[in-house]
Amino acid sequence: MKEDLSQFIGLSDSRLFHMRSVAYKSYKLARNVFSMEENKARSLFAMGLIHDFAYAFVENQTEHEHEGGRILRLSGFDWADAVFDHSNPDIESWTDELLILNLADMTTGPNGESLTMDERLVDIKNRYGPESTQSIKANRLANRIHTELNNRNLKIPNL
């Protein structure tokens with residue numbers, strides 16, 4: 001029996017390219033910046049790869065983080081909370097996994113291209129408008145990423 005998923009946003013090819021690039025960046029950040037062991041870094045590759053999968057099951061883009069995290073919690077993934085909380089600058093305590101995911105996401109364009117955070121912010125502003133919820137939230141998220149990196153004494157060139 002085929003279920004009708006037409007009411008959902010879905011996973012476009014460009015979104016899949018974005019997710020793949022976030023996966024590779026998550027892995028590289030875990031290994032090269034956070035000095036995580038290989039198996040942990042590979043797990044975070046999977047986190048990056050599926051961080052936006054819930055677009056397949058939501059009607060509103062602002063729901064994808066929570067729906068994805070909810071499904072991943074049910075599936076037992078230890079980084080499900082990072083997926084649930086990604087894109088939210090107001091989370092009180094950030095894990096390394098959440099920082100890695102947000103950093104990889106905010107330096108990857110909508111088609112998988114590598115961007116600086118400033119370029120990503122311009123992209124979001126151009127797509128949604130400078131006063132949009134998405135643009136305002138992305139600016140706050142970028143500021144929080146910088147704060148979290150500073151708190152950990154981590155320097156990332158060309159950010």
Measure the spacing between OG of S132 and CD1 of I124 and express it to the nearest 0.5 Å. 8.5 Å
Indicate the atoms forming the closest heavy-atom contact of L44 with I100, along with that distance. CD1-CD1, 3.8 Å
Could you report the tightest heavy-atom contact between F84 and H66, atom names first, then the distance? O-CD2, 3.1 Å
For D90, the salt bridge (charged side-chain N to carboxylate O under 4.0 Å, His left out) test, sequence neighbours excluded, returns R140
Would the number of heavy atoms belonging to other residues, nucleotides or ligands and lying under 6.0 Å from OH of Y128 be above 12? yes
Taking the six-membered ring of Y55 as reference, does the NZ or CZ atom of R15 fall below 6.0 Å from its centre and within a 45° cone about the axis? yes
Is it true that, when you exclude K40 itself, more than 12 heavy atoms of the residues, nucleotides or ligands shown sit nearer than 6.0 Å to its NZ? yes
Could you tell me if the side chain of M36 sits less than 4.5 Å from the side chain of L29, heavy atoms only? no
Surrounding NZ of K137 (heavy atoms of other residues, nucleotides or ligands, distance under 6.0 Å), is the total greater than 12? yes
Could you state the interatomic distance from CD (E113) to OG1 (T107), rounded to the nearest 0.5 Å? 11.0 Å
Would you name the heavy atoms of A82 and L98 that are closest together and state the gap between them? O-CD1, 3.5 Å
Electrostatic pair E67-R70, nearest N-O below 4.0 angstrom: yes
For N158, does the CG atom have more than 12 heavy-atom neighbours from other residues, nucleotides or ligands under 6.0 Å away? no
Between R73 and D81, does any NZ, NE, NH1 or NH2 come within less than 4.0 Å of an OD or OE carboxylate oxygen? yes
How far apart are the closest heavy atoms of L115 and K25, and which atoms are they? N-NZ, 4.1 Å
